[in-house]
Student: 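I have a structure I would like to understand better, so I am pasting it below and will then ask my questions one at a time.
Each ligand, and each atom within it, is numbered from 1 in the order the structure gives. In this chain, residues are counted from 1 in sequence order.
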Amino acid sequence: MRDDDPRLPSSPRLPSSPGFWRSPLRGTWFTSVLGLVLLVGITVLFVTGLVSYAAYNPGLSPVNDQTPGKGFLGFYLFAWPTNPYWLYRLTQGLHVTLGITLIPVLLAKLWSVVPKLFALPPARSLTHALERISLLTLVGGGLFEFTTGVLDVQLDYVFPGSFYPLHFYGAWVFFAAFVTHAALKAPAAVRAVRGRGRERERERERDELVSPRPEAATVSRRGALWFVGAGSLLLFVTTAGQSIGGALRRTALLAPHGWADPGGGPGGFQINKTAAYAGIDPAETGAEAWRLVVTGRDGRTVRLSRAQLIRLPLYSEALPIACVEGWSTADQWWRGVRLRDLAALVGYDGDPPDAFVESLQRHGAFRRAALRANQVADPRSLLALYVNGEDLSPDHGHPARVVVPAAPGVLNTKWVARITFGAL
Ligand SMILES: Nc1nc2c(c(=O)[nH]1)N[C@H]1C(S)=C(S)[C@@H](COP(=O)(O)O)O[C@H]1N2
Ligand SMILES: [Mo]
């Protein structure tokens, strides 16, 4: 059929015409395979994302909460545990790595249904209109979540505090549309993928997604899926190393905390924000000037120099730093004072309460953080003074920083100046 053949319903030069889209790859089978991968993948992304929010302890203090207006969307929040100590490293590494790995699948899925997005008339009925509006939320929401996620991981500072509400509320909108879509389409998708040979070819004849005038095939549908899979694999191997670490960190060429560890020596592992970036004045961290102020029961307060802290019982723990951006360090040997011992100094023997930790930093959302009682009570939670056998470096939080097992990096406050127990 020629392009100007009068038997074609409308000009195939317009994307609203089915004849405009000519790839022989399109069809329900191709879309269904991609859709089912996304069904599993996006569900895992949603769950690990919600879990990540819970890990911040947002219910504990407004200081930890980047979306204070969430209302009932916080219904599921729970006390984040301290076991296993690599918990956040796993959940957030999974969230970010999987999200990046799924990008080719998401794009291929959108490509496979793009004729439907242009189809005219805009609505054949009220149900059809509602379906198309929900598709806008689905496609827009999906692109929005993947884009904000990637931008936060790759560029970090383009989101001055606003990434969290965008990504959090966006996730709920997107997932609501996603669940609706999956409920409507998953049964047919499963049938399409299960169908074999003959049956599948017969289905193709009635298939809306199949081009009415396909071009000659240059690659099989299976081959195209392998191509998408190869794209995902490439993104996986160039990203995952920033979470897995070890030799694989070198292969994480696309990840901001990939390549090799920065610098050398005992403190030569990944740094989020440097002391200079956080505006830490070296004059405030020196032995003369710096004091840790610990406040507890009935306002009891002690002020401790670093030399005094070092004379308290010190403990060593191997714990990672795991950031919301997906990267994490291998276990590092931290040495310092137990948080529960500091609580005991100010009147909380036995079960310690929540703690509010403040740093020397004057600006920035993460200059302070609240820790839950279970985190303070864990004997592995330290106010670290050393890492890997040496004094903390300025960038890792000298003179003292918090490390808590299983917690997101953001709760591991650096350049600590004050800890208040039981005030939340
Ligand atoms: N005072 C202060 N502490 C902080 C931060 C900060 O911005 N200010 N960033 C946190 C975040 S988001 C992470 S991931 C870890 C990173 O620790 P590192 O730089 O030693 O790897 O520090 C945490 N502690
Ligand atoms: Mo972080």
Student: Just checking, is any N or O donor in the side chain of D354 or Q375 under 3.5 Å from an acceptor N or O on the other one?
Tutor: no
Student: State, without any angle test, whether Y56 and Y164 hold a side-chain donor-acceptor pair at a distance under 3.5 Å.
Tutor: yes
Student: Over 60° means perpendicular and under 30° means parallel, so classify the ring planes of Y88 and W80, tilted if in between.
Tutor: perpendicular
Student: Would you check whether K273 has a nitrogen or oxygen atom less than 3.5 angstrom from a nitrogen or oxygen atom of ligand 1?
Tutor: no
Student: Salt bridge or not between D391 and R335? Use side-chain N to carboxylate O under 4.0 Å.
Tutor: no
Student: I need the atoms of ligand 1 closer than 4.0 Å to a non-hydrogen atom of I321, numbered in the order shown.
Tutor: 16 (C), 17 (O), 21 (O)
Student: Using a strict 4.0 Å cut-off to heavy atoms of C323, name the atoms of ligand 1 that fall inside it.
Tutor: 14 (S)
Student: Among Y277, F269, F366, whose heavy atom sits nearest atom 7 (O) of ligand 1?
Tutor: F366
Student: Would you check whether K414 has a nitrogen or oxygen atom less than 3.5 angstrom from a nitrogen or oxygen atom of ligand 1?
Tutor: yes
Student: Whether D378 and R380 form a salt bridge (side-chain N of Lys/Arg under 4.0 Å from carboxylate O of Asp/Glu) is what I want to check.
Tutor: yes
Student: For a 4.5 angstrom cut-off between non-hydrogen side-chain atoms, does F174 reach T137?
Tutor: no
Student: Can you check whether W327 has an N/O within less than 3.5 Å of an N/O in ligand 1?
Tutor: no
Student: Determine, considering heavy atoms only, which of A407, G364, G409 sits nearest to atom 10 (C) of ligand 1.
Tutor: G409
Student: Is any side-chain N of the basic residue among E131 and R124 closer than 4.0 Å to the acidic one's carboxylate O?
Tutor: no
Student: Below 4.5 Å, heavy atoms only, C-beta onward: do T28 and R191 meet side chain to side chain?
Tutor: no
Student: Starting from atom 2 (C) of ligand 1, what is the nearest protein heavy atom, named by residue and atom, and what distance separates them?
Tutor: Q361 OE1, 3.1 Å
Student: Identify, by atom number and element, the atoms of ligand 1 in contact range of S359, meaning under 4.0 Å from any of its heavy atoms.
Tutor: 1 (N)
Student: Should you measure from each heavy atom of W415, which atoms of ligand 1 turn up under 4.0 Å away?
Tutor: 1 (N), 2 (C), 8 (N)
Student: Mark the output for R401 as yes if a heavy-atom distance to ligand 1 is under 4.0 Å, and as no if none is.
Tutor: yes
Student: At what distance is the nearest protein heavy atom to atom 12 (S) of ligand 1, and which residue and atom is it?
Tutor: N272 ND2, 3.1 Å
Student: So that I can tick it off, tell me whether K116 and E208 are bridged by a salt bridge, with the cut-off set at under 4.0 angstrom between side-chain N and carboxylate O.
Tutor: yes
Student: What protein heavy atom lies closest to atom 24 (N) of ligand 1? Include the residue and the distance to one decimal.
Tutor: N412 O, 3.0 Å
Student: Can you list the atoms of ligand 1 that are under 4.0 Å from a heavy atom of Q270?
Tutor: 18 (P), 21 (O)
